[in-house]
Every structure is written in C-alpha cells, then in structure tokens.
2 protein chains.
Amino acid sequence: MTSPVYLQIFENIKNQINNSELKPGERILPETALCKLYETSRATVRKGLALLSNEGYIYSIPGKGCFVQTPQQNRYLVYYDEMNNLINTVDQTRLLEVNVIVPDDHLANSLQISRSKNVIVIRRLFFTDGEPIAYDLKYLPYVKGMPIVEKEIETATFPEMIPKNIPLLALKKNIVIYAQIPSGEVKEHLRIRDNRALLVVEQKLFDSDNRPVGFGITSFKSDYIKLEGVSQ
Amino acid sequence: MTSPVYLQIFENIKNQINNSELKPGERILPETALCKLYETSRATVRKGLALLSNEGYIYSIPGKGCFVQTPQQNRYLVYYDEMNNLINTVDQTRLLEVNVIVPDDHLANSLQISRSKNVIVIRRLFFTDGEPIAYDLKYLPYVKGMPIVEKEIETATFPEMIPKNIPLLALKKNIVIYAQIPSGEVKEHLRIRDNRALLVVEQKLFDSDNRPVGFGITSFKSDYIKLEGVSQ
DNA sequence: CAGTGGTCTAGACCACAGC
DNA sequence: CTGTGGTCTAGACCACTGC
C-alpha cells in the first residue's frame with residue numbers, strides 16, 4: 001500500500017508545518033532540491049506543492065521561492081439554504097405580496113440603482129407543519145419584460161427568481177447573519193405571542209459583472225434554524 | 001496579452017458550463033481530444049482540468065471520463081473570530097470562573113468522554129468600550145499537568161487554550177449558529193434590561209485524530225455582531 | 001480489446017529575484 | 001550572472017471501464 005510520490009511530498013511537508021518544524025513565513029526547499037530529496041522529476045514535486053498551495057499551507061513567489069503560509073484559522077464553510085437547515089425543512093410557502101415600488105435610500109444603495117428606478121418586492125411566509133417559521137422579503141431591480149407569475153414565485157428559491165438571461169451559475173452571493181427581536185408586523189405574521197428571537201439572514205446576489213441583481217431578508221423563528229460550519 | 005494555454009482551457013470550459021452549453025452530468029471531451037483541439041500536450045490540458053476540478057466545476061472518474069458537476073449553490077465561506085466581527089471588536093475580557101466539574105450528559109456527549117472524567121469550565125465576559133457584549137463558556141477535557149493560569153486564560157482565544165502538546169494547526173473546528181432570548185444569569189451579566197436577542201455561536205474543536213478537545217458557547221448581544229459570508 | 005484518466009520522466013524555455 | 005518558480009513538450013506505464 002504505497003501512495004503516489006506527490007502525495008508523500010504533500011503529507012510530509014504538511015506534517016512539518018503542523019508540527020511547527022516549518023514555521024509561517026519560512027522558506028521551504030526549492031523544487032530542484034525536493035527533486036533530489038525524493039529522487040523524482042520536477043513535475044511530481046510541483047504536483048505535491050500545488051496541493052499544499054491549494055489547501056493554503058504554502059504560497060510561492062516567482063524568482064524567490066515557496067514559503068509557509070500564516071494559517072487562516074477563522075474561516076468556516078457554512079451551508080445555507082433558506083428552505084432547508086440543520087433542524088428544519090420548509091414544506092409550504094405563502095405569497096403575501098408582489099409589488100413594484102420605488103426604493104428608499106438604503107434599498108437603492110443595496111441594489112446599486114438610482115432611487116427613480118423601480119424595484120419588485122416579494123413578501124412571503126415559510127411554513128413547517130402548518131406553522132409559520134420564517135418571514136421572507138426579496139427585492140429585485142425591475143427589468144422590462146420581466147415575467148412576474150405569482151404561482152412560480154410562491155415556491156421559488158432566491159436564485160430562481162433572477163431573470164433567466166443571467167446565467168444561474170455565474171451568480172456570486174453574499175450573506176449577512178444576525179439576531180433580532182421581531183417587530184410588530186413580522187411578529188404578527190409569524191404568530192409570535194411571547195418573547196422570541198429571530199435569526200435573520202440577508203442575502204445579496206450579484207451577476208458576473210458584480211452588479212447586484214437581488215437583495216433578500218429572511219427572518220427565521222430562532223427555534224427553527226441552526227446553521228453549521230466547518231473550518232477550512 | 002495572451003494568457004497561458006491551461007488558463008484558456010479553464011476559462012473556455014468554465015464559460016460553457018456557466019452558459020449551460022455543458023449541463024450537469026454531461027461528459028466533457030476526453031483529455032486526448034482536448035489535446036488535439038488546443039494543439040497542446042496532455043499535461044497542459046490536465047492542468048486546466050485540475051483547476052476546473054478544484055473549483056468544483058467538474059469531476060473525473062478513472063476509466064470513464066470527466067463530467068460536469070451539479071453546482072453547489074448553498075455553500076458560503078464565513079469568517080468568525082469571537083473577538084472580532086463585521087461591526088465590533090472586543091477590547092477587554094473578564095474572567096468570571098475557572099473550575100473543574102463533572103460533566104452532565106450533554107457535555108460528556110459533546111466532548112465524547114465518560115461522565116466520570118473531569119472537565120475544566122471557563123466562564124468569561126467580553127467587553128467593548130466598557131460595555132459587556134458577550135458571555136463566553138468554554139469546556140476543556142481535563143488533562144493531567146494541564147496548566148491553568150488565570151491571567152493567560154483571561155484574554156486567550158479558544159485555540160490558544162488547548163494544551164500545547166496538540167499541534168495548533170491540526171485543529172478541525174465546527175461551529176453552530178443560532179439566535180436565542182437570554183436567560184436570567186446571562187441577562188444579568190450582559191446588563192440586559194429590555195428585550196434583546198442573542199446570537200449564539202457554539203464551537204467544537206477536534207485534534208488531528210478527530211477527538212473533541214474543546215467545546216465553547218459564546219452568546220453575543222445581537223447589536224454587537226454580524227457574520228458575513230461569500231458564496232463558494 | 002481500445003479508450004480513459006492517474007502517475008511519472010527528462011528534458012526545454014521563459015520571466016523574475018538578487019547578487 | 002545563477003537560481004527560482006511558471007509554462008510546456010512528447011513521450012511512458014498503469015489501472016480501470018465498457019464492449
């Protein structure tokens with residue numbers, strides 16, 4: 001059971017970094033030296049180094065060498081789907097409103113459009129087992145000829161609402177996560193009588209030219225959502 | 001201004017996927033065909049394909065071919081540092097308690113230890129401009145000879161509390177994020193009089209053998225924390 | 001069996017760092 | 001100038017797939 005040479009190189013150097021035999025900022029052996037050390041070709045050495053670089057252990061500077069990266073310890077990969085999370089799944093949605101509005105300053109700024117442009121607003125409720133568990137607001141810049149079919153919107157997730165001429169997969173998305181006490185209207189819609197916290201997730205969608213194409217605010221009843229992340 | 005061939009291959013195929021000319025599950029041209037198409041060597045083609053694979057656009061099955069990956073649209077890279085976030089920085093900490101306790105069921109389960117083992121509990125408050133903004137609980141399995149120096153613990157971030165014999169960088173970390181209404185004790189420590197939500201971040205640390213080495217619960221006053229994520 | 005991707009060799013030329 | 005990493009070639013052998 002012998003692993004490929006490039007993997008051995010990868011594992012060896014990775015372990016040296018994890019054991020602090022190689023410290024952040026330190027230079028590692030040049031490729032030619034690793035070729036001699038492992039008695040292999042440069043392509044094989046480079047494949048091992050590419051792995052280390054991909055996983056954030058090292059970086060290279062042309063003409064100078066390869067150096068140990070200072071570790072990124074605070075980055076987590078988080079899964080977020082407004083319809084599904086660690087402890088709950090939305091099984092029903094209700095459309096409260098579809099409208100065309102003129103944006104206020106904050107919204108115009110978020111969508112990077114002028115205040116004279118029209119914006120489509122979509123308000124929905126998400127349900128699980130007949131209970132309202134989230135209040136959802138979406139804003140889309142109004143594009144001429146954009147089809148607004150209420151039935152479609154009712155169950156669509158955010159990226160599906162974006163006009164079809166923007167390639168779906170090219171979308172960049174940002175999220176912002178925070179906690180909040182529900183305001184009057186939201187409290188009523190979510191049938192909250194006692195004190196209850198909300199987990200709010202704001203979502204901003206960008207096209208491939210980094211222009212905002214959607215802004216959403218989804219407010220979850222706190223006992224129906226947990227987000228999970230794993231370190232990178 | 002001509003880019004390397006492997007980058008052209010990468011961009012071309014990436015665009016074909018984003019424009020749905022290539023659909024998820026579809027097979028892409030075999031490496032030898034791409035060699036002819038781009039009039040280049042197999043190593044160069046493979047470098048382009050490796051990039052596509054790293055970024056999650058394709059996957060390969062030995063003996064069969066390369067296929068377009070069904071897109072992962074719901075994964076975000078989130079930065080979380082208990083002392084620093086998008087809207088606030090902790091400038092002071094206060095140690096409330098350092099103790100050795102016997103874990104309850106839930107804690108013993110979280111740390112994957114028997115209920116007869118000892119656990120160190122550390123309770124702290126985080127401050128910004130003299131105001132308490134977060135209540136912090138850490139649990140560490142008790143290891144013989146583990147130094148507990150209160151002054152050190154007072155300002156240490158979680159990974160720094162883990163005994164020195166575990167290589168720092170080998171730590172895997174999980175986080176769970178949710179919202180909550182503060183309970184009596186937390187409410188008092190954070191000097192919360194009105195209705196206020198908490199954003200709670202649970203953190204679990206593992207060593208390189210995937211054994212839990214720490215469990216933490218940090219409860220932030222909602223107006224002092226926002227977490228940000230970008231799509232992958 | 002032929003076709004595919006996975007690994008590897010032994011060279012080559014280039015641009016850039018630093019002396 | 002030498003040494004470095006970045007790109008690339010033209011082969012090779014292997015294990016696996018599907019016919």
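Atoms considered below: every heavy atom in the structure, side chains included; atoms not considered: hydrogens, waters and symmetry mates. Since the structure is predicted, the reported quantities are computational estimates derived from the model, not experimental observations. Chain letters run A, B, ... following the sequence lines, proteins first, then strands; residues in each count from 1.
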Distance-only criterion, 3.5 Å: show the donor-acceptor pairs between side-chain atoms of residues 4-11 of chain B and protein atoms not counting sequence neighbours.
{"from": "B:Gln8", "atom 1": "NE2", "to": "B:Ser3", "atom 2": "O", "distance (Å)": "2.8"}

* **salt bridge (charged side-chain N to carboxylate O under 4.0 Å, His left out) contacts in which one or both residues fall within residues 222-232 of chain A, not counting sequence neighbours** => A:Arg196-A:Asp223
* Point-to-point distance, once rounded to the nearest 0.5 Å, from CD1 of B:Ile133 to OG1 of B:Thr128 -> 4.0 Å
* For the residue pair B:Phe126 and B:Phe220, does the interplanar ring angle fall in the parallel (under 30°), tilted (30 to 60°) or perpendicular (over 60°) class? -> tilted
* **Spatial distance of atom CG (B:Leu107) from atom CD1 (B:Ile113) [nearest 0.5 Å]** => 6.5 Å
* **Protein-nucleotide distance (A:Ile58, atom CD1; D:dT4, atom P), rounded to Å** => 15 Å
* **Structure string for DNA chain C in dot-bracket form, Watson-Crick and G-U at under 3.5 Å, | interchain** => ||||||||||||||||.|.
* To do: Supply the atom-to-atom distance B:Asp105 CG to B:Ser110 OG, rounded to the nearest 0.5 angstrom.
  => 10.5 Å
* To do: Would you please classify the geometry between the A:Tyr76 ring and the B:Tyr80 ring as parallel, tilted or perpendicular, with 30° and 60° separating the classes?
  => tilted
* Using the side-chain hydrogen bond (donor to acceptor under 3.5 Å, both in side chains) rule, take A:Thr89 and A:Asn84 through it: C-alpha gap first, then chi angles, then the decisive distance, then the call. => CA-CA 5 Å; A:Thr89 297; A:Asn84 294 287; 3.3 Å; yes
* Structure fact -> With B:Lys138 as partner, the option from B:Ile217, B:Leu205, B:Ile120, B:Thr218 fulfilling side-chain contact (heavy atoms from CB on, under 4.5 Å) is B:Thr218
* **Near-strand residues of residues 60-68 of chain A, defined as heavy-atom separation under 4.0 angstrom from DNA chain C** => A:Pro62, A:Gly63, A:Lys64
* Along DNA chain C, 5' to 3', what are the outermost nucleotides having an atom less than 4.0 Å from a heavy atom of chain B? -> C:dG3 to C:dT7
* To do: Check each residue of residues 34-44 of chain A for a non-hydrogen atom within less than 4.0 Å of any atom in DNA chain D, then write out the ones that pass by number, or none.
  => A:Arg42
* Asked: Of all heavy-atom pairs between A:Met83 and A:Arg124, which one has the smallest distance, and what is that distance?
  -> CE-NH1, 4.3 Å
* Identify which one of A:Leu52, A:Ile13, A:Ile28 satisfies the side-chain contact (heavy atoms from CB on, under 4.5 Å) criterion when paired with A:Val68. => A:Ile28
* Asked: More than 12 heavy atoms of other residues, nucleotides or ligands under 6.0 Å from CD of A:Glu39: is that the case?
  -> no
